[in-house]
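In what follows, residues are counted from 1 in the order of the sequence shown. When reading the values below, keep in mind they use all heavy atoms of this one structure, side chains included, and skip hydrogens, waters and symmetry mates.
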Amino acid sequence: MTPFTQIDRSLVAIFDIEDFSEHSPEKMAQLVHSFLDSLSNHLQTLSDLHPDSFSTGDGAIVSIGRLCQLDASSTRRFLQFAIEFSASLCRGGPIVRTALNYSEGDRIVFGTDNALAGQYIQVGETINVAARVLTFCEPREIIVTATVHKLLRNHELEDQFPLHHNEPLVTKHGQRLDTYTFIPPNGINGVL
C-alpha cells in the first residue's frame, strides 16, 4: 500500500512563466534562474509556515497547510507573498500568470522504493483546480478561486485584497469554475 497522509486544509499558488517555450534554451535557463532566485528570496517571508514548493519546469507550485494552521495571519501572509512575488517578477524578470486555490482533504503521497524515494507529492483537488484556473490567466494576472474568496471572507480579510468577480470559467471538460481576479492598487484591469 502506498503511504500517504491527509492534509486537512491546503492553500496553493501556481506560478507559470509566460511564453516560456518560445525562448531559446539559453533564455529559458536565464528565466528559470531568475525565477528560482526570486522565489527563494520571497519564500523566506513564509519560512515559519513551512511552505512546500515544487518546480514545474517553467514555474512552481507553492503550498501551505501541511505543517501550519491556516488561520487569518497565515492566509493573509500567503496571499501577500503570492501577490508580491508575482509583481516583483513582472516588474523586472519573467512575466508570470498566477492562480490560487484552497481546499480541504488533500493527501501527501510519499515515495518509497520508486523514483520518488524520500520525496512526496501533494495530490487532490487543490492543485488540480488551481492548474485549470491557470489556463485562463492572462499574463501578469492573479486569479483566485471562490474557495479562496470564501476563506478571505471567513478570516475577515476581504477588504485587504480587492477582487473582481469573473464570469464563470468553463474548462474543456465542462467544469464550471467560479473565480475572482485580484485588482492591484493602480493596476489596470487586474494586471500587475
Side-chain angles (χ1 to χ4, degrees), residues 10-47 49 51-65 73-102 122 126-149 151-152 157-167 169 171 177-192:
S10 178
L11 184 56
V12 67
I14 300 181
F15 307 94
D16 184 65
I17 300 172
E18 182 66 20
D19 295 329
F20 183 76
S21 60
E22 296 181 17
H23 296 288
S24 69
E26 293 80 14
K27 181 65 174 176
M28 286 181 184
Q30 181 185 35
L31 289 171
V32 168
H33 183 73
S34 174
F35 177 90
L36 293 176
D37 280 352
S38 185
L39 179 61
S40 294
N41 290 335
H42 282 84
L43 280 175
Q44 290 177 17
T45 65
L46 299 179
S47 62
L49 301 179
D52 294 312
S53 59
F54 309 93
S55 172
T56 62
D58 61 348
I61 299 169
V62 179
S63 175
I64 62 169
S73 175
S74 61
T75 299
R76 178 182 43 75
R77 288 174 57 205
F78 189 77
L79 262 75
Q80 287 175 328
F81 150 78
I83 292 165
E84 290 168 10
F85 174 56
S86 297
S88 72
L89 287 173
C90 290
R91 281 191 301 269
I95 303 301
V96 295
R97 301 174 300 134
T98 305
L100 288 94
N101 188 34
Y102 164 81
Q122 183 174 339
T126 316
I127 292 174
N128 290 343
V129 170
R132 289 182 187 115
V133 169
L134 188 67
T135 64
F136 293 95
C137 285
E138 295 294 327
R140 296 183 165 98
E141 186 177 24
I142 299 172
I143 296 182
V144 304
T145 61
T147 57
V148 173
H149 182 262
L151 182 66
L152 292 172
L157 297 170
E158 250 181 313
D159 295 340
Q160 295 182 31
F161 301 96
L163 300 170
H164 170 75
H165 193 215
N166 298 321
E167 292 293 322
L169 306 175
T171 69
L177 302 171
D178 191 17
T179 65
Y180 296 78
T181 294
F182 172 69
I183 307 297
N186 303 319
I188 301 170
N189 298 326
V191 175
L192 295 174

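- Within the model, atoms CD1 of I143 and CD of E138 stand 8.0 Å from one another, a figure rounded to the nearest 0.5 Å.
- Residues L163 and H149 approach most closely at CD1-CD2, 3.6 Å, considering heavy atoms.
- C137 has its side chain within reach of L134: a pair of non-hydrogen atoms, C-beta onward, lies under 4.5 Å apart.
- Proximity of F15 to T56: side-chain heavy atoms (C-beta onward) are nowhere separated by under 4.5 Å.
- Note that CG of N101 is 9.5 Å distant from CG of N128, once rounded to the nearest 0.5 Å.
- The distance from atom OG1 of T98 to atom CZ of R140, rounded to the nearest 0.5 Å, is 12.0 Å.
- Side-chain contact between P162 and F182: present, with at least one pair of heavy atoms (C-beta onward) separated by less than 4.5 Å.
- Note on ring orientation: taking the six-membered ring where Trp is involved, the planes of F85 and F81 are parallel (angle under 30°, cut-offs 30° and 60°).
- Between the CG atom of L152 and the OG1 atom of T147 there is a distance of 10.0 Å, given to the nearest 0.5 Å.
- Rounding to the nearest 0.5 Å gives a distance of 12.0 Å between CG of L89 and CD of E84.
- The shortest side-chain heavy-atom distance between L43 and P51 falls under the 4.5 Å cut-off.
- The shortest side-chain heavy-atom distance between L100 and I142 falls under the 4.5 Å cut-off.
- The two residues T145 and Y102 make their nearest non-hydrogen contact at OG1-N, 3.9 Å.
- Closest of all the heavy-atom pairs between G57 and F20 is O-CZ, 4.1 Å.
- Using a distance-only test at 3.5 Å, with no hydrogens or angles considered, a donor-acceptor pair links the side chain of S47 to the main chain of Q44.
- Between V62 and L39 the shortest side-chain heavy-atom distance falls below 4.5 Å.
- Separating the CG atom in L11 from the CZ atom in R77 is a distance of 12.5 Å, to the nearest 0.5 Å.
- Using a 4.5 Å cut-off on side-chain heavy atoms (C-beta onward), V148 and Y180 make no contact.
- Nearest heavy-atom pair across H165 and D178 is NE2-OD1, 2.5 Å.
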